[in-house]
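To keep things clear, I will list the structure first and then write my remarks on it.
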Amino acid sequence: MQDKTIIQVEHLEKKYGDTEVLKEIDGTVKSGQVICVIGPSGAGKSTFLRCLNLLERPTSGQVLFEGTDLVSLKESAVMNLRERMGMVFQNFNLFPNMTVLENLKLAPVRVKHLSDGEAVKKAQELLDRVGLGEKADAYPASLSGGQQQRVAIARALAMDPEVMLFDEPTSALDPEMVGEVLQVMQELANEGMTMVVVTHEMGFAKEVADEVWFMADGYIQERNEPNAFFADPQTQRAQDFISKIIGA
Amino acid sequence: MRVKGLFNKIAQSVLIAAVTLLFLGGLATTGHAADDSLKTVEDKGTLVVATSPDYPPYEFQATVHGKSKVIGMDMDVMKKVAKDLGVKLEIKSMNFDSLLVAIQTGKADVAVGGINPTAERRQSVDFSDIYYLGGQSFLINKTDAGKYKNRSDLKGLKIGAQTGTLQYNLAKQKIPGAQVKGMDKSTDLVLALKTHKIDALGIETPSAEAYVKNDKSLAMINSGYKLDKNEVGAAIAAKKGSDALINAMNKSVATINKDNLTDQYLADAGKYMKVNTQNTTMWHYSNYFVTGVEYTLLISAVSVVIGVLLGTLLALMRFSKNKLLHGLAVAYIEFVRGTPLMVQVMFVYFGIGIIVNIPALLSGIIAVSLNSGAYVAEIIRSGIDSVAKGQTEAASSLGLSKGDTMRFVILPQAIRNIWPALGNEFISLIKESSIVSIIGVTDLIYQTNIVRADTYRGVMPIFITMLIYFVITFLLTRVLNHYEGKMKHAR
Ligand SMILES: Nc1ncnc2c1ncn2[C@@H]1O[C@H](COP(=O)(O)OP(=O)(O)O)[C@@H](O)[C@H]1O
Ligand SMILES: [Mg+2]
């Protein structure tokens, strides 16, 4: 299993007008792998992640998802594959007009055509799993940030994705809530979920990641197994970055 | 007589331009047929007459055998004409300003309403011979009867007259130093007189007589104007080129003139006016207000529903990537927002009416709905814009289709955000729907004016109507707030 390629990125470029945000990115995510993408703000980490499920359309290059090049597909075809890649956002993006349960049910019912009963059952299991079984009927606004983010993770999981993409899932949280979210993510990783995580939580990266990709200036400057990366960064940019983080 | 100029001219130019466009577009059949005006009326067996029944004793609404009917001298004239032609008479009520447009656009065969066959007017319609010569008078307060005995006593005073009428022009030209105050309705002018905002009111003799008979505080003096009878006489108007119909009607007019039938007609009208004014309590007229409220609510309710559906569709079209759909929606919204509702109402009724005959009520509903749709579209667009971008991204990351995203995620949040603005739109729609009264839809405003003309009471009906509008909008506001509260809960 460990060897099956889920996502393969080749010569990925993204420009906004004249600004080149991503330059020549290559990379492979294999089944069960946890990749942590780190780097300074503005490096292009979010853009990279959003190109993986084509929330942003790359300017050129290929994004192969289980062998299919998403870039060459029409939007309608992309939509069918996108549901198989769960995404968790920095700002949770729960639907405020729905209860927690409804948030979890919507896509399974509308997209996967699960019956209401099946969807409820699944939603309840997932909520129990992220420790929010009692909050099914609450509205997102009544939850803390940490709880909202756990609901968001459960909502993405409800579609049985093959890979989960996280874009700084703890950056908008009060410090005391970071732990509960990271714990859910760690459990997910332990269960073998394939994950690409943009994060500033170096502890998490060290402990959970199989590989750390260091991004700066639109390039992946360096990628390595985490202990090696943090102990012995190869590039000047990575050294600066790590010393700044540890210094802070 | 009622020679309203300004508004009618504007409305007519707009409509005639619109009608010309329709013709140019080849939408209407072309080719000038021979004069079949009389034959048409005979073939269908009815003579459709347009009139504005707020002008006693010429035409007004009264309760006859428990039913509200349009009666008056003009109606008796038309009954005689129809009888002589051997056809039934059908009366279509509408605003005075709309009468001539109605015959030009075929909404009615003829129009009456104390219309003067002026030279200017003769350019756009044909007239029968004059069936009645009214004469001009001034209405004054009885307390002033000692001071004002004839026209020369009115020098330098404040004189009221209906805007754009003959009386208005005469007062300006023939009373030295007079300050002439124009208003739209004679009921308002009489009120102004009674409250001493004006000193005298230029008005036609029969109307003046009616007011004096029904209001003990008023008196009248003769104007002493020397006038061309085309400026003061009343004639029946018909579409240009209806010589056959005009000639046939002139036979009846000749009998009316020879036998002085209008004296009898005026006397009959006077009787009903007495009946009418015996009981001028507003309670006596509650039926009128109830009917008015029913129509106002009907028009508003239907228009809100259609307006919201149309507005949503237009808003979605605006967001469409399809350039044609987008362009259509933008053009529609800009155009509708850039033109007055009044003109739209008249265009639907008269303009579109040339191709398909749409009844007044339906025309009113269509125009108000189409208008509201444009405003609702803009509100919904702002609502959709107000929903955070992350919501769309989250929905599409879950594989939801665009349609589902709109339906389950964006629109519910948009509606919550724009609910107060939508509420405002509903409320202003209820108020603005009153404009349909100009094409004769018996909404609250139309009924109010009937009651005012009937009772000779200027303020009370307005006050009642104001209260009714307030109660309606107040209740609606409570209902809307209730739902707003509910939606907040779900936040
Ligand atoms: N929609 C956009 N239009 C123009 N520039 C953008 C857009 N999105 C991101 N950028 C730019 O791309 C660069 C990378 O942004 P981002 O991927 O968000 O970086 P990171 O997530 O690493 O902080 C930034 O300089 C940002 O200003
Ligand atoms: Mg980012």
Side-chain angles (χ1 to χ4, degrees), chain A residues 46 49-50 52-56 75-100 102-113 137-142 148 151-161 163-167 172, chain B residues 308 312 315-317 319-326 379-423 480-491:
Chain A
S46 296
L49 204 63
R50 293 153 59 83
L52 295 185
N53 67 353
L54 255 71
L55 278 184
E56 296 291 352
E75 178 61 22
S76 53
V78 171
M79 217 145 64
N80 293 331
L81 293 174
R82 203 181 266 141
E83 71 184 72
R84 292 160 62 190
M85 296 186 258
M87 188 159 202
V88 174
F89 302 84
Q90 183 171 346
N91 296 316
F92 331 133
N93 291 342
L94 291 177
F95 307 134
N97 55 316
M98 300 176 201
T99 62
V100 165
E102 286 162 352
N103 264 278
L104 264 68
K105 266 165 53 180
L106 180 65
V109 170
R110 298 297 304 179
V111 180
K112 288 196 142 177
H113 306 292
D137 294 323
Y139 279 93
S142 66
Q148 288 193 50
V151 171
I153 293 171
R155 179 176 70 176
L157 291 173
M159 291 299 283
D160 294 321
V163 56
M164 287 282 282
L165 311 175
F166 294 83
D167 190 0
Chain B
V308 166
T312 312
L316 294 179
M317 279 168 71
F319 281 104
S320 163
K321 285 212 181 78
N322 184 321
K323 284 221 172 73
L324 181 68
L325 289 181
H326 174 85
I379 295 173
I380 291 182
R381 184 173 76 114
S382 74
I384 291 174
D385 280 340
S386 75
V387 177
K389 192 158 172 281
Q391 293 288 305
T392 318
E393 290 180 345
S396 56
S397 79
L398 289 165
L400 284 167
S401 70
K402 277 206 173 115
D404 278 358
T405 303
M406 231 349 130
R407 182 173 152 203
F408 295 104
V409 179
I410 307 298
L411 281 181
Q413 295 183 55
I415 286 173
R416 195 197 54 218
N417 292 347
I418 61 178
W419 193 253
L422 268 185
L480 291 170
N481 286 352
H482 173 76
Y483 284 103
E484 190 179 348
K486 269 198 163 173
M487 281 189 290
K488 276 231 180 75
H489 206 66
R491 163 74 220 191

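Note that the structure is a prediction, hence the values are computed from the model and not measured. Per chain, numbering begins at 1; letters A, B, ... match sequence-line order.
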Which pair of heavy atoms, one from [X] and one from [Y], lies closest together, and at what distance?
X	Y	value
Gln391(B)	Leu94(A)	NE2-O, 2.8 Å
Arg155(A)	Ala394(B)	NH2-CB, 3.4 Å
Glu83(A)	Gly399(B)	CB-CA, 4.0 Å
Asn97(A)	Phe408(B)	ND2-O, 3.0 Å

Interchain contact, [X] with chain B, by part (heavy-atom threshold 4.5 Å):
X	answer
Phe95(A)	both
Leu81(A)	neither
Met85(A)	backbone

- Task: Answer with side chain, backbone, both or neither: which region of Ala388(B) has an atom nearer than 4.5 Å to a non-hydrogen atom of chain A?
- Result: neither

How far does [atom1] of [X] sit from [atom2] of [Y], to the nearest 0.5 angstrom?
X	Y	atom1	atom2	result
Leu398(B)	Lys112(A)	CG	NZ	11.0 Å
Leu106(A)	Leu400(B)	CG	CG	5.0 Å
Glu393(B)	Asn91(A)	CD	CG	10.0 Å

- Message: Check Glu75(A) with Lys402(B), please: is the shortest side-chain N to carboxylate O separation under 4.0 Å?
- Response: no

- Relative to chain A, which of Ser401(B), Ser396(B), Pro412(B) shows the most heavy atom pairs under 4.5 Å? Ser396(B)

